[in-house]
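Chain identifiers are assigned alphabetically (A, B, ...) following the order of the sequence lines, protein sequences preceding nucleic acid strands; residue numbering begins at 1 within each chain.
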Amino acid sequence: MVALTFPDGARREYPKGSTGLDIAKKISPSLAKRTVAMALDGVLADLSDPIERDGKIEFLTREDPRALELIRHDAAHVLAEAVQTLWPGTQVTIGPVIENGFYYDFFRNQPFTPEDFEAIEKKMREIIARDKAFTKEVWPREEAKRVFRDKGELFKVELIDAIPEDQEIKIYKQGDWFDLCRGPHMNSTGKVGNAFKLMKVAGAYWRGDSNREMLSRIYGTAFAKQEELDAYLKQIEEAEKRDHRRLGREMDLFHFQEEAPGSVFWHPKGWTLYQILEGYIRRRQAAAGYVEVNSPQLMDSSLWVASGHMATFRDNMFLTQPREDDERTFIVKPMNCPGHIQIFKNGLKSYRDLPFKLAEFGKVHRFEPSGALHGLMRVRAFTQDDAHVFITEGQIAAEALAMNNLILSIYQDFGFADVTIKFSDRPDKRIGEDAVWDRSEAALMRALKTSGRAWTLNKGEGAFYGPKLEYVLRDAIGRDWQCGTVQVDLNMPGRLGAFYIDEHSNKVTPVMLHRAMFGSLERFIGILIEHHGGHLPLWLSPLQGVVATITDDADAYAREVIDAALQLGLRVEGDLRNEKINYKVREHSLAKVPALLVVGRKEAADRTVSIRRLGKDGQSVLALDALLRSLLEEAVPPDMRRMNQAA
RNA sequence: GCCGGGUUAGCUCAGUGGUAGAGCAGCGGUUUUGUAAACCGUUGGUCGGGAGUUCAAAUCUCUCACCCGGCACCA
């Protein structure tokens, strides 16, 4: 017998080997009917699994949040059957559940197009309506390989070969169709329901390897209820309105054009925002003891050969020769570190000079693959809020911790509380001895653990010269973007001949920490725009207010208001056009102007302003002086607000 | 870079082999206006570039560029 504990605390015994379904039936026929899967000690399992040992048992209905991944996984199987029914000869590969749905990768000479979705969805509904039971079988390894090979499913054969010897080869059948799968599944295809939708097609490499076959991937999503699917689709629609590329145009911040793929044309308002951010970082890092420098845009390739960049990233750098008959090749800098090492090397450095903290708003160029470009988020020319800190090995943990704290405090000022930290250790392609990597990884890990922040391991994803911490922010449509980074480098200073004199008059190679906080100014601006949906807080808004007139009788007063605001350092413009106030309100609201200062005959007579704030209906009338003072107060950047309070 | 989908007026988009369209914007007028689109008139296009098929190409084919969605890449 096995003793099972139920969610209500009841404990009952059943014959060993009873299946979940047996037990559910004994409890009540209606439970057996409603339940789609079970959880044993919290782990999802098939209802048909025999229960061999004591533990906690729970029956899941399809409305249970934990059943969602089963609905999606089952939907992936139904999708695969539908596709193979419609296009025999298509090979199936893998079909996992992902964050907001599922996908299935197929191998077929003719890739799918969105026009195929209607037919596929129709076939899926048929399969679901047929409501065949999902049944699990365990096949002998060689038998399984033979069956799939005979069916022409060569990718499945490869998958079976990749399953460790001590694991079973599990097959799930739904009627005549079957698939290799680790499960679990619900008890029948009918449980998938009809709240599913195919979303998009995409190419994807087999096993994520760009040297292998290109598969055709179909993405879909599924929910327990139609209302949930509708809500999800609505949410995607809303997210699209926050897209920084769209808002960038609507707010007149920047544009891109063919002649400069991956490079930004900053318009006046966009460049104002850029400068506000640069100014903010400049204040924060000065307060943290950094000094700002500037290093050359073009440097001889020999420097990049010595640093190791040439060997690793040659195809991703812009090389240039001023004239065809010139023998020197210059490289447009893809990083600032070699330049900063030159500044460190210029003049003899003592251990007393450490930590030596150099910062630069360095504009770097990287020849990113064309398919990687994505608005401001992934560009070929961008500005790093970069810094390199030269220290002794013993100072690594303390300095890395200080960087970590500075970075997190900066994200807080922008309202990003939920930041993911990744620890990336040594990659396959790297420079330097393993013993050196051991030391740098250990020191960085010490700093990370001291910070007390949650983190995840990003195995093998470190830079070629050292391990790194990556700070990841999420955009409006759920995509993650790496922003800040702290990297420990025990390799490059030595390769470029940097040294300091220690207390015993010995030449010692310094350790270098690479640090970025926004990472890329461009990317950070993109994330900020999406995070706020264009409704930037006043201190960041490039245009803080528009003074709009109701009739031209108020023009003179409006000019006075504009001038008074400008004199106080507020960023305002006037709108004295011959248009109705409704028209002006609409236009400036669409352009996300935070404050609309409306003046008509009344305001001119009373020396007041009617202010309407973005996103709010209605307005309030304030005396001009009071209004300007309140806007000015609100526009103070968070770091300066703290400084003012401290002073 | 790879797979798929795109590129038509400043913007959003219609137009499947037979004379390039709409709305908004712009411009010219009228209107002097009270918190999310006043009214009338009107300009504007090598249909992304190049080549081909055809009596005839925005439309079919090839090619290049760029954009979008993924994949791969991301110092």
Side-chain angles (χ1 to χ4, degrees), chain A residues 103 105 110-116 199-219 243 245-246 249-250 255-262 304 307-313 315-317 333-338 364 366-375 377-380 384 386 427 429-431 461-466 468 470 477 479 481-482 485 487 489 492 514 516 519-520 523 548-555 577-590 596 598-603 610-612 614 616-619 621:
Chain A
Y103 67 78
D105 282 349
Q110 173 87 31
F112 303 100
T113 73
E115 283 78 63
D116 297 326
M199 303 297 290
K200 52 196 174 191
V201 288
Y205 296 108
W206 169 234
R207 304 199 130 189
D209 182 345
S210 57
N211 297 312
R212 300 289 309 263
E213 295 86 342
M214 174 64 67
L215 307 173
S216 185
R217 173 173 296 177
I218 297 178
Y219 284 93
D243 190 306
R245 293 164 299 192
R246 173 181 172 149
R249 183 178 57 245
E250 290 172 359
H255 83 271
F256 290 90
Q257 65 187 49
E258 280 194 44
E259 291 81 356
W304 302 98
S307 71
H309 286 93
M310 201 64 158
T312 318
F313 288 111
D315 291 343
N316 301 297
M317 300 196 294
K333 68 174 174 184
M335 288 190 83
N336 303 300
C337 28
V364 296
R366 299 177 180 180
F367 190 73
E368 303 286 3
S370 60
L373 301 181
H374 180 95
M377 304 299 204
R378 193 78 186 272
V379 286
R380 286 185 176 153
Q384 292 179 312
D386 205 3
K429 198 170 177 189
R430 59 176 183 264
I431 56 175
E461 297 295 320
F464 72 87
Y465 46 73
K468 60 184 182 184
E470 291 176 336
I477 37 182
R479 282 182 284 214
W481 300 100
Q482 186 206 313
T485 184
Q487 305 173 0
D489 187 351
M492 210 183 294
H514 306 241
S520 143
R523 173 178 296 175
T549 50
I550 290 173
T551 87
D552 53 16
D553 290 341
D555 281 4
R577 290 175 302 170
N578 174 14
E579 294 290 352
K580 297 187 94 141
I581 195 63
N582 286 304
Y583 181 90
K584 294 184 183 181
V585 166
R586 179 184 152 80
E587 196 165 83
H588 299 302
S589 298
L590 289 174
L596 199 55
V598 177
V599 295
R601 271 196 208 107
K602 277 203 297 266
E603 288 78 7
S610 166
I611 179 168
R612 181 194 172 99
L614 180 62
K616 295 202 177 76
D617 287 332
Q619 55 277 336
V621 179

Restricting both atoms to N or O, compile the protein contacts to nucleotides 3-6 of chain B shorter than 3.5 Å, with distance only.
| unit_1 | atom_1 | unit_2 | atom_2 | d |
| --- | --- | --- | --- | --- |
| rC3(B) | O2 | Gly203(A) | N | 3.1 |

Under 3.5 Å, N/O pairs linking protein and nucleotides 39-44 of chain B:
none

Atom pairs under 3.5 Å: protein N/O with N/O of nucleotides 62-65 of chain B:
| unit_1 | atom_1 | unit_2 | atom_2 | d |
| --- | --- | --- | --- | --- |
| rA65(B) | O2' | Glu258(A) | OE1 | 3.1 |

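We find that CG of Asn211(A) is positioned 11 Å from C1' of rG1(B), with the value rounded to whole Å. One atom, CE of Met310(A), and another, P of rA75(B), lie 18 Å apart when rounded to the nearest Å. For the pair Lys584(A) NZ and rA38(B) P, the interatomic distance rounds to 12 Å; values are reported in whole Å. Distance, Arg380(A) CZ to rC66(B) P: 7 Å, rounded to whole Å. Atoms CG (Asp243(A)) and P (rU12(B)) sit 12 Å apart, rounded to a whole Å. Between the CG atom of Leu373(A) and the C1' atom of rG70(B) there is a distance of 15 Å, given to the nearest Å. Spacing between atom NE2 of His309(A) and atom P of rC74(B) amounts to 13 Å, rounded to whole angstrom units. For the pair Arg207(A) CZ and rC71(B) C1', the computed distance is 16 Å after rounding to whole Å.
Neither OP1 nor OP2 of rA25(B) sits under 4.0 Å from any side-chain N or O of Arg249(A). Using a 4.0 Å cut-off, no side-chain N or O of Arg430(A) falls inside it from OP1 or OP2 of rA75(B). For Asn582(A) and rA36(B), the shortest distance from a side-chain N or O to OP1 or OP2 is below 4.0 Å. The side chain of Arg612(A) places no N or O atom within less than 4.0 Å of a non-bridging phosphate oxygen (OP1 or OP2) of rG34(B). An OP1 or OP2 oxygen of rU32(B) is reached within less than 4.0 angstrom by no side-chain nitrogen or oxygen of Arg577(A). Look at His374(A) and you'll find a side-chain N or O under 4.0 angstrom from OP1 or OP2 of rG69(B). OP1 or OP2 of rC68(B) sits under 4.0 Å from a side-chain N or O of Arg245(A).
Between the side chain of Tyr205(A) and the base of rG70(B) there is no donor-acceptor pair of N/O atoms closer than 3.5 Å.
Contacts of Lys468(A) with the nucleic acid, taken as non-hydrogen atoms under 4.0 Å apart, involve only primed sugar atoms and P, OP1 or OP2. No engagement by Tyr103(A) is indicated, since no non-hydrogen atom pair under 4.0 Å with the nucleic acid exists. Base contact: Ala372(A) has a heavy atom under 4.0 Å from a base atom. Base engagement by Leu590(A) is indicated by at least one non-hydrogen atom pair under 4.0 Å involving a base atom. Nucleic acid contact for Ser589(A): base, since at least one base atom lies under 4.0 Å from a heavy atom of the residue. As judged by a 4.0 angstrom heavy-atom cut-off over every strand, Gly208(A) is placed among residues touching the sugar-phosphate backbone only. If you check every strand for non-hydrogen atoms under 4.0 Å, Glu603(A) touches a base. Among the heavy atoms of the strands lying under 4.0 Å from Asn316(A) is at least one base atom, whether or not backbone atoms are also near. When heavy atoms are screened at a 4.0 angstrom cut-off, Thr551(A) is found touching base atoms of the nucleic acid.
When distances are taken from the side chain of Arg586(A) to each of rA75(B), rA37(B), rC2(B), the shortest belongs to rA37(B). Comparing rA37(B), rA75(B), rC71(B) against the side chain of Tyr219(A) picks out rC71(B) as the nearest. Distances were taken from every side-chain heavy atom of Lys200(A) (C-beta onward) to each of rU35(B), rC73(B), rG69(B); the shortest belongs to rG69(B). Comparing rG1(B), rA38(B), rA36(B) by their closest approach to the side chain of Lys580(A) singles out rA38(B). You'll find that the side chain of Gln487(A) is closest to rA75(B), out of rA75(B), rU33(B), rG70(B).
To the nearest 0.5 angstrom, Tyr103(A) atom OH is 13.0 Å from Ile218(A) atom CD1. Annotation: the span from Thr549(A) atom OG1 to Ile581(A) atom CD1 amounts to 7.0 Å, rounded to 0.5 Å. The CG atom of Asp386(A) lies 9.5 Å from the OG1 atom of Thr485(A); values are rounded to the nearest 0.5 Å. Residue Arg366(A) holds its CZ atom at 6.0 Å from CE of Met335(A), rounded to the nearest 0.5 Å. Distance check: Asp617(A) CG to Arg612(A) CZ gives 5.5 Å after rounding to the nearest 0.5 Å. The NZ atom of Lys584(A) sits 7.5 Å away from atom CD of Glu579(A), with the distance rounded to the nearest 0.5 Å.
Taking the P atoms as reference points, rU19(B) lies 10 Å from rA58(B), given to the whole Å. Look at the P atom in both rU7(B) and rU61(B): the space between them is 14 Å, to the nearest Å. Between the P atoms of rG10(B) and rU33(B), the separation comes to 36 Å (whole Å). Atom name P, nucleotides rU59(B) and rG15(B): the rounded distance is 15 Å, in whole Å. The gap from the P atom of rC24(B) to that of rU43(B) amounts to 15 Å, rounded to the nearest Å. Between rC13(B) and rG6(B), the two C1' atoms lie 14 Å apart (nearest whole Å). Between rC66(B) and rA56(B), the distance separating the two P atoms is 32 Å to the nearest Å.
When all heavy atoms of Ala463(A) and Gln487(A) are compared, the closest pair comes out as CB-OE1, 4.2 Å. Of all heavy-atom pairs spanning Pro114(A) and Val201(A), the tightest one is CD-CG2, 4.0 Å. Closest of all the heavy-atom pairs between Met492(A) and Phe464(A) is CE-CZ, 4.5 Å. Nearest heavy atom pair, residue Arg212(A) against residue Tyr205(A), reads O-CD2, 3.8 Å.
As the counterpart of rC55(B), rG18(B) is assigned, both hydrogen-bonding distances of the Watson-Crick or G-U wobble pattern falling under 3.5 Å. Using Watson-Crick or G-U wobble geometry with both donor-acceptor distances under 3.5 Å, rC71(B) finds its partner in rG1(B). As the counterpart of rA65(B), rU7(B) is assigned, both hydrogen-bonding distances of the Watson-Crick or G-U wobble pattern falling under 3.5 Å. In this structure, rC39(B) forms a base pair with rG29(B), meeting either the Watson-Crick or the G-U wobble geometry with both donor-acceptor distances under 3.5 Å.
Remark on RNA chain B: of its neighbouring residues Ile550(A) and Phe367(A), the 5'-side contact belongs to Ile550(A), judged by nearest-heavy-atom nucleotide. Toward the 5' end of RNA chain B, the nearer of the two residues Tyr583(A) and Arg378(A), judged by each one's closest nucleotide, is Tyr583(A).
Ionic pairing of Arg207(A) and Asp209(A) is not present here: no N-O contact between side-chain nitrogen and carboxylate oxygen is shorter than 4.0 angstrom.
Within the 3.5 Å criterion, the main-chain N or O of Leu373(A) finds no donor-acceptor partner in the side chain of Arg378(A).
Taking the six-membered ring where tryptophan is involved, the planes of Tyr465(A) and His309(A) are tilted, since the angle between them lies from 30° to 60°.
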